[in-house]
Amino acid sequence: MKFFIDTADLADIRDLAETGLVDGVTTNPSLAAKAGMKFTDLVKEICDVVPGPVSAEVTAPDHATMMREADHLRKIADNVCIKVPLTPDGLKTCRKLADDGTMVNVTLCFSPAQAILAAKAGAAFVSPFVGRLDDIGQDGLGLIAEIVSIYANYLDIGTEVLVASVRHPIHVTESAKLGAHVATMPPKVLRQLYNHPLTDKGLAAFTADWEKSGLKILED
Ligand code: G3P
């Protein structure tokens with residue numbers, strides 16, 4: 001499973017890129033608004049730090065302007081992935097960009113039918129939002145199961161299921177069990193994945209025993 005981080009915070013992106021665990025970055029207009037810098041400069045900086053796909057979202061509602069925005073964004077770096085909303089204009093834009101060889105992430109997917117449309121439009125990624133479905137009492141992970149199983153019926157579907165709106169580690173592990181290709185998670189969730197109290201307890205005991213023994217790995 002690939003790990004993307006869902007943030008526009010450059011400090012977090014730089015820090016987590018150092019772990020070697022980050023395969024890409026997703027941003028959205030709300031995250032970008034918090035970054036406090038020119039959007040195109042932000043996208044360039046993120047693309048310099050993380051070589052994998054960096055999703056940058058168009059914000060116009062209509063196809064013609066989406067195409068102009070996408071054209072501007074895709075020139076920033078080879079690893080820019082254009083993010084479009086799951087609307088008729090967004091999918092028309094997706095088809096056109098995909099036919100030009102541009103990676104597209106179709107976002108705001110909340111149903112299996114929408115995911116089928118994204119695949120037909122040639123999306124590199126479809127982003128179902130698990131957390132926002134859970135928030136309204138629907139089954140976010142159930143949607144992932146449905147999309148993964150539908151896509152598996154068709155060998156010609158190249159669209160990857162990118163689990164978005166991830167709120168906690170269980171969203172990540174359950175998505176991995178279901179065979180989702182990618183999870184994009186806030187930095188906090190990626191950091192939570194390391195944690196287990198028995199790891200901390202075990203390490204403290206090993207360290208204490210080692211220090212008492214006077215043993216060394218590196219001789220002075
Ligand atoms: O970037 C899209 C998605 O991951 C947003 O998540 O937490 O705002 O529902 P959230």
Side-chain angles (χ1 to χ4, degrees), residues 1-13 16-17 21-37 39 42-43 45-47 49-50 52-61 66 69-70 73 79-87 90-91 93-94 103-112 114-115 117-118 121 123-145 147-148 159-176 178 180-193:
M1 174 183 242
K2 283 177 270 195
F3 279 4
F4 290 1
I5 39 174
D6 196 29
T7 184
D9 184 311
L10 276 167
D12 269 331
I13 293 168
L16 290 171
L21 301 174
V22 175
D23 302 300
V25 176
T26 51
T27 66
N28 63 37
S30 307
L31 294 170
K34 288 190 220 154
M37 62 189 282
F39 185 53
L42 174 71
V43 173
E45 288 221 31
I46 300 173
C47 288
V49 178
V50 175
V54 173
S55 289
E57 190 160 341
V58 296
T59 55
M66 279 182 189
E69 289 180 344
L73 291 170
N79 54 330
V80 169
C81 173
I82 303 298
K83 203 172 181 188
V84 300
L86 210 152
T87 60
L91 291 186
T93 304
C94 176
M103 264 186 299
V104 183
N105 175 0
V106 175
T107 190
L108 292 166
C109 174
F110 294 95
S111 77
Q114 290 180 321
L117 291 180
F125 304 102
V126 65
S127 291
F129 279 33
V130 290
R132 291 193 196 183
L133 279 171
D134 292 353
D135 288 347
I136 61 159
Q138 295 191 14
D139 182 5
L141 288 167
L143 174 62
I144 302 305
I147 299 172
V148 168
T159 307
E160 297 195 357
V161 179
L162 191 169
V163 181
S165 189
V166 162
R167 300 279 163 75
H168 46 68
I170 294 170
H171 277 151
V172 179
T173 52
E174 290 300 313
S175 296
L178 294 168
H181 307 85
V182 191
T184 189
M185 62 202 90
K188 180 182 149 218
V189 174
L190 200 155
R191 293 187 177 110
Q192 282 178 315
L193 295 179

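Throughout, numbering of the chain's residues begins at 1 and tracks the sequence. The figures that follow rest on heavy atoms only: side chains count, while hydrogens, waters and symmetry mates do not. All ligand and atom numbering here is 1-based and tracks the order in the structure.
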Assess K83 for proximity to ligand 1: is some non-hydrogen atom of it under 4.0 Å away?
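The answer is yes, since K83 has a heavy atom less than 4.0 Å from ligand 1.
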Does ligand 1 have an atom under 4.0 Å from some heavy atom of D6?
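Contact check D6 vs ligand 1: positive.
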Check R191 with D12, please: is the shortest side-chain N to carboxylate O separation under 4.0 Å?
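Counted as a salt bridge, because a side-chain N and a carboxylate O are separated by less than 4.0 Å.
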State whether D9 and K34 are salt-bridged, where the test is any N-O pair (Lys NZ or Arg NE/NH1/NH2 against Asp/Glu carboxylate O) under 4.0 Å.
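Answer for the salt bridge query: no.
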Determine the minimum heavy-atom distance between R132 and F110, stating which atoms define it.
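Where R132 meets F110 most closely, the heavy atoms are CB-CE2, 4.0 Å.
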Of the protein's non-hydrogen atoms, which lies at the shortest distance from [atom], and what is that distance?
atom	value
atom 6 (O) of ligand 1	S165 CA, 3.3 Å
atom 8 (O) of ligand 1	R132 NH2, 2.8 Å
atom 2 (C) of ligand 1	F129 CZ, 3.3 Å

If we only count N/O pairs under 3.5 Å, is N28 in contact with ligand 1?
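Such a contact does occur with ligand 1.
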Applying the side chain to side chain contact (heavy atoms under 4.5 Å, CB included) criterion to V84, which one of V104, L108, N105 satisfies it?
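Looking at V104, L108, N105, the match for V84 under the side chain to side chain contact (heavy atoms under 4.5 Å, CB included) is V104.
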Verdict with reasoning, V163 to F129, per side chain to side chain contact (heavy atoms under 4.5 Å, CB included)
CA-CA 7 Å; V163 181; F129 279 33; over 6 Å; no
Counting from 1, what ligand 1 atoms have a heavy atom of R167 closer than 4.0 Å?
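Listed by number with element, the hits are 7 (O), 9 (O), 10 (P).
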For I170, is the CD1 atom crowded, meaning more than 12 foreign heavy atoms sit under 6.0 Å from it?
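12 or below, so no.
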